[in-house]
Each structure stands twice: as C-alpha cells, then as structure tokens.
Amino acid sequence: MTVQLELRGITKRFPGVLANDHIDLTVEKGEIHALMGENGAGKSTLMSILFGLYQPDEGEIRLAGVERHFASPRDAIAAGLGMVFQSFKLFPSLTVAENVVFGRETTRRGRFDRKGAEREVAAIAERYGLALDPAARVDDLPVGVLQRVEIIKALYRDASVLILDEPTAVLTPQEAERLFEILRALAADGRTIIFITHKLKEVMALSDRVTVLRDGRVADRMVTAQTDARAITRAMTGRDVVLQATAAAGEPGKTVLALHDVTVHAEDGRTAVGGGGVGGSGSGVSLEVRAGEIVGIAGVAGNGQTELVEAIAGLRPIESGTVRIGGRDVTRASVAERRRAGMAYIPEDRHAVGTAGTADTTDNLSLGHHRQPPLLRRGLLQRSAMTRRARELIERFQIKVPGPATRVGTLSGGNLQKVVVAREMSHDTPLLIAEQPTRGVDIGAIEFLHGEITAFRDWGGAVLLVSAELSEIMSLAGRILVMFEGAVVAEVPAAQANESTLGMLMAGASPDQARAAQPGELV
Amino acid sequence: MTTELAADRTLVRRTLAWLAGPVPVSIIVALAIGAVAIAIAGINPFVAYPSMVEGALTGRGPANTLQRATPIIGMAIALAIAFRAGVFNLGAEGQMVLGGLAGTLVALTMPGPGPVVIVVACLAAMAAGALWAMLAAVLQTSMGVPILISSLLLNYPARYFSSYLVRFPLKEKGSSMVATPMIPDDTRIPALIPADSAWGTALRHSLGKENALLLITRNVNYSLLVVLAVVALVIFVNRKTPGGFESGLAGQNLRFAQYGGVHTTALVIRTMIFSGAISGLVGVMLVLGSDFRLIDGALVGTNYAWTGLLVALLAANRPIGVLVSGAFFAALIVGGEAMQRSDGVSSQLSQVIQAAVIILIVVRLTLPRWLNLSRRHGRDLPAITDRVTADDEVGRV
Ligand SMILES: Nc1ncnc2c1ncn2[C@@H]1O[C@H](COP(=O)(O)OP(=O)(O)OP(=O)(O)O)[C@@H](O)[C@H]1O
Ligand SMILES: [Mg+2]
C-alpha cells in the first residue's frame, strides 16, 4: 500500500483555543480512515486545513509524497480533493442541481445547460440511492435533504481524496448504508477516504483504521479490525460510555400537544403534510403528545416532518386543521404566543434557525428567556444575570467555548448544537419539540442529553421527538409515528419497534407488508 | 488585580489588532489616494494636508467641525439603529426634509413662548419623519415592497412636496430667495452660550476673542447636546431593553429572531418609526438652529443623509463608533473647505477621501468573502457583519 496523504505536525490556534496541536495523520491509498473525537477535539479544523479553507500555523501537507500548500479550497479541489462539510457550503438561493454542478457547469451553445444539469444530477442521485429533486431551491429544503445535496456534490466531482465531515448525522440508517456501499466501492477503486463520525457502529463497519483526536492532539491510532468500540470510546473520552435503553416512562398524563387533521403546504404550494400518504385519504395529520411521554416521529428526510414541526412551532402557516398546546388553540397564533402557551423548540437547522453566528454565546443563550426574570427586571435587561446564566448553562451542558463573549459562529458543530439544546431545555415548558436534538454531538454528550430528555419526561414534560437516528427514537420514545409522503402511515409502540420494520415503513411499505416481513404488532 | 492586568493587556492587544484592521488601514490608504489626487492637481500634498488639519482643528475649526458633526451624527445614528436591526432605511433624507417642513410650519404659525414652540416644532418634526418612515415600513410588511426600495422612492415625494410648499404657498413675498419667511427670533435654537449673554461676555474676557472654546460655545447650538442625548439613549436601548436586544439579533439572523418569538413585522415598523423620528428631528434642528427658514432644496443639498449613511457604515452601526466617525467626516469636510480656501484644492477632494475610505473598507471586508463565494461556498460562511464585529471589538457598545 502506498501512502496517499500525510499530515505532519499540523498546528492551528484560534483566539483562546489550540484547535490542532502538532497532529500527524497518514492515510493510505484505497483506505477508509475514520477520524474520531469529542466535540471540539479539532476534527473539522484539521480537515478544513487539509482542504485549504484554513491555513495551518505550523506543519505540512503531503499528497502522494509531494509537499503541497493549499491557499484555498480551489487549490485543494484542483489537486483532487473533495469535501463534504459539516456545516454545509451551499448557495441558498440556487437549486440543487445548480449547487451540485457549480464550478463545473456544462454549457450548451454558450449557455448554462440547466435541464442537462438537472438530468445529470437526478441520474447520480438515483444511482447512489439518495432521493433528490434537482430543481428544488436549496433554502427550502430540510437539513436531511441538504446533507444529500452536499454528499452528491462531492461525489459528482469524483475526487481522489474524499473527506466526509459527519455526513451521516442526519441520514437514516438505510441512507447511511447506501452511502457506505458507495464509499467501499470508491475505496476499492483506489480512492482515499477520510470519514468523520460520532457513530461507533459506522466506524466499526466501514473503516480500515481510526485516528482519535482529543483536545487537538492525536490520542490514539488503531486498526479497526484489531480494536473495538469500547477501546475507541476510551481513547476519545477517557471513560466508558454505554448508551442504553432508558427507563420506561410512567403512565402519561393529560394531553399537552394535540393536532387535529393538520395540513401544511411547502414553499412551492404543494401539500407537504396531509393529503398524500400511502392511504391517500386526503386527510391531514392528527396526533397527541401527553405529559410524561415522548412521541417519536421517524421518517426519511423530506417526507413532511420538518414542515409539520415548523407548522406546530408557528414558523409555517397551517392550511387546515387545528393545533392545541396545553388546551389552547394556537393554530393561528404567533411564535411568541405558542412559546407562552408552553412550547420550547430545538430546530434541526442550528445554523440558519437555531443561532445567530455573529452574536455571542450569552445572547444566543438568552433569546426567548429575555422577557422574564431573572434576565428582565423592571423592564430592563440584566446583563450580569445574562452572563451568569450563560456561564451556568455552558457548565451544565459542557459546551466547549472560550467564554460567554465568544461568538457562536466559531464553535464546533456539536458545541453549537449544545447551545441550542441548552437554551431550549432550560425553559421548563410543558412541551418540548426536539428535532434532531443530538445531531452532531459526541457519544458522551448524547448520553447526557438523552438523560436530560428522559428526566424532562419524568418531570412531566411532553416531548415530540423527530430524529433520523432510529436508535435514538427507539430508545427514547414510548410511541413511534412513521411519516411517509406527508402522512402518518403507522404508529408503533416502542416495545415492538425494530430498525428493519421502521425502515420498511419509512420507505413506504404498508403496515401489512411490514408486518408480513417482520412479525410484530402494528397499529 | 491580576485579572485586571490581564484585562488591560487584552484591551491593548485588541486595540492594536483594531489599528491593524480594515478601518484605520482604509483611512490611511484613502488619505494616500487623496494625496495623489492633490499632486495630480499640481499642488504639494505636504502643504495641502497640513492646511486641512489646521482648518479642521485650529481657530474656528473645532467650532465648525462640531457644527457640521451634529447633523451628520444625528443622521448616522438614525440609520445605524435601522441597519443594526437589518432594516435598510434609505429614506432618511425624505424623513429629514419632512421633519424640517413640519417644524418650520410650527415655528412660523404657533403663538406662545419660544421654548415651548421649539419643543412643539421638534415633536411635530419627529412625528412627520416617523410617519413617512412608517409608510415605507408598511409598504414592506403589507405589500412586500422591500424597504430598501420603498424608503428610497419615498424621498422624492417628500422632496417635491416640501419644495412646492416653499416655492408657492409658503414663499416669502417679495424676497429674491426661494424660501419661507424667517422664523421668529425666540424660536431659534440658542447657542450653547450666546455671545450676548452675561456668561458669553464673561467668557470672552477671560478666554480671549480667538479662543477655540469660546468659539465653540458661541457657534455650536443646543442641537449638539440633543444629538449626544439621542446617542446615549440609543446605547441604553441597545444594551438594556428587550426590544434593543431583539433588534440586534434580528439584524444578525432574522430567522433566528422569528424562531425565538420576536414579532418581526412589529420590529420593522417600530425601528422605522424611531429611525424616521430621529431623521425628522435633525431636519428641524437644521432649520431652527442654523438656516432659520426653510430654503428650497437646502436640506437635500447638505447631503447629510448620505454622509450619515457612510458614517453608519464606517461605524458598523455602533453608537460610539458613530460619534467618532461622524466627527471624523465632519473634520474632513471642514478641513477640505479650508484647504480650498488656502491652497485652491477643490473641496470636493474631501468627498473623494470619504468615498475612498468607504470603498476600501467594503473591499477589505467583502473581498475575502467574495473570493470564498466564488469557490462555491455559500451557506454558513461568516457574513460581512461577522468580520466587522471581529475587527471592531474595541468599539463595541
Ligand atoms: N473559526 C474559528 N474561530 C475560533 N475558534 C474556532 C474556529 N473554528 C474552530 N474553533 C475552535 O476550535 C476547536 C475545534 O473545533 P472543530 O470544529 O475542529 O471541532 P470538531 O472536532 O469538528 O467538533 P465537532 O464534533 O463538534 O464538530 C473548538 O474549540 C472551536 O471552538
Ligand atoms: Mg466538526
């Protein structure tokens, strides 16, 4: 085997943070190399340096034995690198196809061949099993779909070294499995792949070798076949983390969230929620979440979950039907009224919706809490109380950030996620809508957040949990609703759920088909 | 003790970092460009620049500079509060003109003691500016016309309406000037210490006739204090009120603000009302404080609204920054006029320098971003405001 890529002594400092501290990394041709580490360990920074987005303070990059300097991603792309970014780099106002082919557009008679591009992108998406509408505008799409676009964009370029930074954070297990098949085929074809993930199962299943980072340094290097998940976890965290099924819920109390026959439109006017579905009954979505229970919504991204949640949260108009929070009809209410009625909401898109990157950590943690004591007294903001509270949340949720005055745009992906979760979970409202709540957070933090969510449930909170991570839904939720093409197509008690049945339902199989394939009781 | 020292040190470091940042560098480069322009005009820049500094800062210079700075800072703070909230009010000029008009009407027609008339004129001006601004806001929130466009277009009716009134119904009969009659003496905004007051004469005796401080107290009127009070109020609102907090976040990420429960429609309308009210106030203070009548085209001709826009940009919408850069631009203008008098360099040179400062800053801030964009990155890239905050941390309020 020949060494394809070599990083030597890479060091990168940010104000108050030593993100990479003399990191050495060697990757061979045809290898799938996993890069692991806790949130803020320096993985994305290292890959951004490799891709020319950041310049290292020290160290060198060698590609096929030759030292290279990438002044910009353009240089890196020219040298045959491709990257799937953790925080997507897409033009929001362009379509999927335009984003994918950007920089390599084909032209017809001197003009951009849009139809051709769309056909081409549709063909690639089809081949890789990642469903996409090439003509959709990117800013209208849920995060799970954006992830597919970002992956397709990198694959389209046919890079010889492919870097994937948490590509599976919002993919369903089925989609992830398809991606792994592609990656294995690429590796067998002599491509070099660096893969970042927090999911140990994926590392064990996919990678040849693992490099573990901790606090900006290499903590360990392992050959996957000669190690196990436990050893990797220990290298990352210095302790054992076991994600286990959480304690079962008690008897649920009164209804906190009630949806009756709700339909919602997408940006382009199509019905996103209700109307469709395998039943095609034309009716909307009805569901209930009661105090002390967690209801999970499973589905492949793009089947209406995001639109449904946005409609409940007040960010998208409801076409028909009613939404009640704590008994109050909030169908037409503003976001503020819904929040007052008792709603907290972790949105799936932490960058575009959940935070303001240029604002500091204190401000980001304060929004929504700033109109009540202790942050507001006699009509005035208490800046010191805001900072104190921010410090407490940073401490409690172990957010890795230099201080409350740091702008959150500089935080690592998982730490930014913790900012959103910390803010929303500290509302103590009766209802929590949690959309991909553990997206991109490390296993230690997942353990902690799952603990927080179950504690919230046991305290009497009602949780509506939307997640691409089926294992998360299965371990937390008491009931699981499956969404397909805008409709709730099945309700499965958690005790009877397993990944393959859910997977079939999510792919559009009828409950009967799923039952036939997999014995188990379905409603 | 040690933490204080550390804080001091970071402050020094930040200050140094700021000095190496886009704003100071752009100013220096802009001055260099100005020097080249002067040299091309056949004049030695090493003679012209000193006379510019002298003109702005010595003798009557400080008084003139403060006089000019007052409306510039006023317009800049009006725009800064809007821009900070992400509301692109380009109609400050029209709001100022209508404020000047409303105030003039009050001063010309309302009976009663001068101070009362002045206060009512100011309130009327603020109401006029606010209403005009609100119209632009409502056009956006109810009909979807972007404020950027609606506010800009509303400048024209405001200008022509006031022009019509000044030319016809309000024109002073028999005067060669196209202007309203003069407003009564007691409705004029007084100087800080009028020359004919007891204080004024006492000061003249103790300081001497040419003293800069004396000239300031005589030539600068209470408008300056009003504008400073507005700036202080804005600092307070931004930092201490929930509304100010919300508008700051809305300007940085509107979707985030909406998601957090901020009623963004109300926010836009409220912001425009405040912005328009301040613009209207500046308009009336120009009439009652320096022109003493509404002269056709005079308020538009000052260009204060557009100078204020540049100042707000330069200050990255921070109130303290508005004070500093407003004073800087006023000094540039006053110095430029002095340079014209002493060296024959056109005073438009100061406009060239002003424009160059802004263009350079914009280029420095956006060029890296733009290059990045062309490398196919969009979403999640630090916005322009991002860099501004990073570099301007020192001036942060
Ligand atoms: N542009 C930046 N400015 C300042 N600090 C930064 C910047 N980018 C990253 N950092 C800091 O560097 C450290 C490493 O961040 P990085 O994004 O590499 O972490 P990561 O390993 O990818 O974490 P995650 O698993 O959460 O994505 C973090 O502490 C982060 O706050
Ligand atoms: Mg990362």
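Convention: sequence-line order gives letters A, B, ...; per-chain numbering from 1. All values reported here derive from a predicted model rather than from experimental measurement. Note: hydrogens, waters and symmetry copies are ignored here, and every other heavy atom, side chains too, is used.
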Chain B contacts, top residue of [options] (heavy-atom pairs, under 4.5 Å):
{"options": "A/G354, A/S93, A/G314, A/G409", "answer": "A/G354"}
{"options": "A/H369, A/E310, A/R371, A/E337", "answer": "A/R371"}
{"options": "A/L367, A/N364, A/L375", "answer": "A/L367"}

Show the atom names and distances, to 0.1 Å, of all donor-acceptor pairs under 3.5 Å that link a side chain in residues 260-269 of chain B to residues at least two apart or in another chain.
unit_1 : atom_1 : unit_2 : atom_2 : d
B/T264 : OG1    : B/Q258 : NE2    : 3.3

[X] versus chain B, the contacting section by heavy-atom distance below 4.5 Å:
{"X": "A/R338", "result": "neither"}
{"X": "A/E424", "result": "side chain"}
{"X": "A/L315", "result": "side chain"}
{"X": "A/L380", "result": "both"}
{"X": "A/M343", "result": "neither"}

Roughly how far apart are B/E246 CD and A/D363 CG, rounded to 0.5 Å?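 So the gap between those two atoms works out to 11.5 Å.
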
May I ask you to check whether over 12 heavy atoms, not counting those of A/R391, lie within 6.0 Å of atom CZ?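 Not buried by this count: 12 neighbours or fewer within 6.0 Å.
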
Tell me, yes or no, whether the heavy-atom count around B/F274 atom CZ, taken from other residues, nucleotides or ligands under 6.0 Å, exceeds 12.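 Open.
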
Side-chain ([X]) to main-chain ([Y]) donor-acceptor, under 3.5 angstrom:
{"X": "B/Q252", "Y": "A/A359", "answer": "yes"}
{"X": "B/N253", "Y": "A/G357", "answer": "no"}
{"X": "A/R383", "Y": "B/R239", "answer": "yes"}

Considering all heavy atoms, the nearest B/P242-A/H370 contact: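 Looking at all heavy atoms of both residues, the closest pair is CB-CD2, 3.8 Å.
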
Nearest heavy atoms of A/V353 and B/F256, plus distance in Å: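 In this case the closest contact between A/V353 and B/F256 is O-CD1, 3.1 Å.
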
Cation-pi between A/R339 and B/Y259: NZ/CZ under 6.0 Å from ring centre and within 45° of the ring axis?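 Cation-pi check for A/R339 and B/Y259: passes.
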
